[in-house]
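Keep in mind the model is a prediction, meaning the values are calculated, not measured. Hydrogens, waters and symmetry mates play no part in the numbers below; they use all other heavy atoms, side chains included.
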Amino acid sequence: MNDIPQLTELMYAVDTFYFLICGVLVMWMAAGFSMLEAGLVRSKNTAEILTKNIALFAIACSMYLILGYYLMYSSSAGGFLPNLGFLIGGENTVDAITAGGEDAPYYSMRSDFFFQVVFVATAMSIVSGAVAERMKLWAFLAFAVVMTGFIYPVSGYWTWGGGWLAEIGYSDYAGSGIVHLAGAAAALAGVLVLGPRRGKYGKDGSIYAIPGANMPLATLGTFILWMGWFGFNGGSELKLSDAASANNVAQVFVNTNAAAAGGVIAALILAKLWFRKADLTMALNGALAGLVAITADPLSPSALGASVIGVLGGLIVVVAIVTLDKLKLDDPVGAISVHGVVGIWGVLAVPFTNAEAGFGPQIIGILGIFIWVFVASLIVWLILKAVMGIRVTEEEEYEGVDLAECGLEAYPEFSASKK
């Protein structure tokens, strides 16, 4: 790089560093998902849910390194299927591609990979909470291999990799559909195959609440996710080193925060009016709903507009959680509602503030991503069910999957002593 002017080198260094730091913030969201899910499951299932979260992160990073990144970014623009030539020794073009840059890379390609890989882990984390408390650990991890190595990268190629959805004008700045709806679609397929937790629904149609064990932990997890989302959305600007990009990043940060705040307030008020109680779990999911909703375009709206998008997300998520419960779709943490239903709202909200986006491409994008991820995931879940089984036994579920799957308890001092 000796022939590059000194200022250009400095800009390259700044953009690379910014990309890496935003990736670290998104990686920190793995801790947020872990704490949120650990707080919303029963104590007897805590160690297993934490094991799933750290293991899925490691699997996502490894599979995306080995396969997923190449599927997502090694093809020429256009088409439905990514280029698979690299699998048989053909040339791949990953090193020639700069996400967000035309011809000349303005940041390190390794920083791009790092930023992309933590997004994959986020999509897989969404699945974890939805299937909690009754799924076999190793069946879940086997699904994670396919989801992060193949299913997500294919739809990611359609969008951020320059495939057919990108060509028709689908717009999704940081991934309300690409990441969040995809994770929710995979989770929905898993929940349908898995079935609800025992004791959740009565034969007469009654619904029984199964409270989580640790609300402080769930709240901490939500704040960690809120913080990590600044990297999720802010990093998706892909650049910081010029005045226009720096102003865009500032707008993205402000809008992300405003939407989350709006989601909390709306969900809390609706819960009070509907249930006559200020439901903390709804407030937490309201924050996440606001964040998911604004992720499709945190740049175009004004701060007040972002607040409105978040408010509507907070209202939608409360209705969605109650509706899915009535449909007997058991989702212990509300992941399908937060990331799926509100993810759809986020994608549809883009044309209201972004004149370059249209409702047609947005709807096609929603359908394309959902159908692909849902159908592919359903096939994988059914294969896993037939080959190795995906659900623990009734006795293991009653005793808690901590002991059955991990051989230890998260809170052993609170267990009844055995003599």
Side-chain angles (χ1 to χ4, degrees), residues 19-41 45-66 68-69 111-132 135 137 140-149 151-153 156 174-176 178-184 186-187 190 212 214 216-236 256 260 284-285 287-288 291-292 295 332-336 338-339 343 406 410:
F19 224 3
L20 291 172
I21 292 301
C22 285
V24 170
L25 282 172
V26 180
M27 185 271 177
W28 185 229
M29 291 173 70
F33 279 114
S34 298
M35 296 302 97
L36 175 66
E37 294 171 17
L40 293 179
V41 301
N45 301 311
T46 305
E48 193 265 357
I49 200 79
L50 295 174
T51 303
K52 282 202 303 187
N53 273 275
I54 194 167
L56 76 84
F57 186 85
I59 289 170
C61 292
S62 299
M63 289 306 301
Y64 201 64
L65 175 66
I66 295 168
Y69 188 65
S111 68
D112 173 60
F113 169 80
F114 181 72
F115 188 68
Q116 297 292 339
V117 77
V118 289
F119 271 59
V120 185
T122 298
M124 190 60 216
S125 294
I126 295 166
V127 184
S128 174
V131 299
M135 172 167 276
L137 172 64
F140 173 83
L141 298 181
F143 177 79
V145 170
V146 184
M147 176 68 179
T148 59
I151 297 175
Y152 172 88
S176 289
I178 298 167
V179 179
H180 296 280
L181 177 59
N214 196 324
L217 206 59
T219 305
L220 174 63
T222 301
F223 272 116
I224 291 173
L225 287 167
W226 192 330
M227 175 183 173
W229 230 287
F230 294 118
F232 199 95
N233 288 353
S236 295
T256 299
L284 300 180
N285 278 324
L288 300 179
L291 291 163
V292 169
T295 293
V333 304
I336 297 170
V338 169
H339 301 277
C406 302

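- Leu291 CG to Leu225 CG: the interatomic distance, rounded to the nearest 0.5 Å, is 8.0 Å.
- Residue Ile178 holds its CD1 atom at 11.0 Å from OG1 of Thr295, rounded to the nearest 0.5 Å.
- In this structure, the side chain of Ser128 does not engage the main chain of Met124 through any donor-acceptor pair within 3.5 Å.
- With sequence neighbours left out, Phe140 forms a ring-ring contact (aromatic ring centres under 6.0 Å, His included) with no residue at all.
- Contact check for Val120 versus Met63: no side-chain heavy atoms found under the 4.5 Å cut-off.
- Here the closest heavy-atom approach between residue Phe19 and residue Gly235 is recorded as CE1-O, 3.6 Å.
- Phe57 places a side-chain heavy atom less than 4.5 Å from the side chain of Val118.
- Contact record, Ala184 with Ala335: CB-O, 4.5 Å, taken as the closest heavy-atom pair.
- Evaluated for a ring-ring contact (aromatic ring centres under 6.0 Å, His included) with Tyr64, the options Tyr69, Phe115, Phe114 yield exactly one hit, Tyr69.
- Here the straight-line distance linking atom CD1 of Ile54 with atom CD1 of Ile49 works out to 13.5 Å at 0.5 Å rounding.
- Scanning all heavy atoms of the two residues, the minimum distance from Pro153 to Gly68 falls at CB-O, 3.4 Å.
- Between Leu141 atom CG and Ile59 atom CD1 the span is 4.5 Å, to the nearest 0.5 Å.
- Residues Asn53 and Leu56 form a side-chain contact, since some pair of their non-hydrogen atoms from C-beta on lies under 4.5 Å apart.
- Contact annotation: the side chain of Leu40 never approaches that of Met35 to less than 4.5 Å [non-hydrogen atoms, C-beta and beyond].
- Here the side chains of Thr256 and Trp226 are not in contact, with every heavy-atom distance at 4.5 Å or above.
- When every heavy atom of Val131 is checked against every heavy atom of Gly190, the shortest pair comes out as CG1-C, 4.3 Å.
- Leu217 CG to Thr46 OG1: the interatomic distance, rounded to the nearest 0.5 Å, is 8.0 Å.
- Looking at Thr122 and Val26, their side chains come closer than 4.5 Å, going by heavy atoms from C-beta outward.
- Partners of Leu65 by side-chain contact (heavy atoms from CB on, under 4.5 Å), not counting sequence neighbours, listed by chain and number: Phe113.
- Shortest non-hydrogen contact noted between Asn214 and Pro216 is OD1-CD, 3.1 Å.
- Taking CD1 from Ile21 and OG from Ser111, the interatomic distance works out to 11.0 Å, rounded to the nearest 0.5 Å.
- Heavy-atom minimum distance, Gly234 versus Cys22: C-SG, 4.3 Å.
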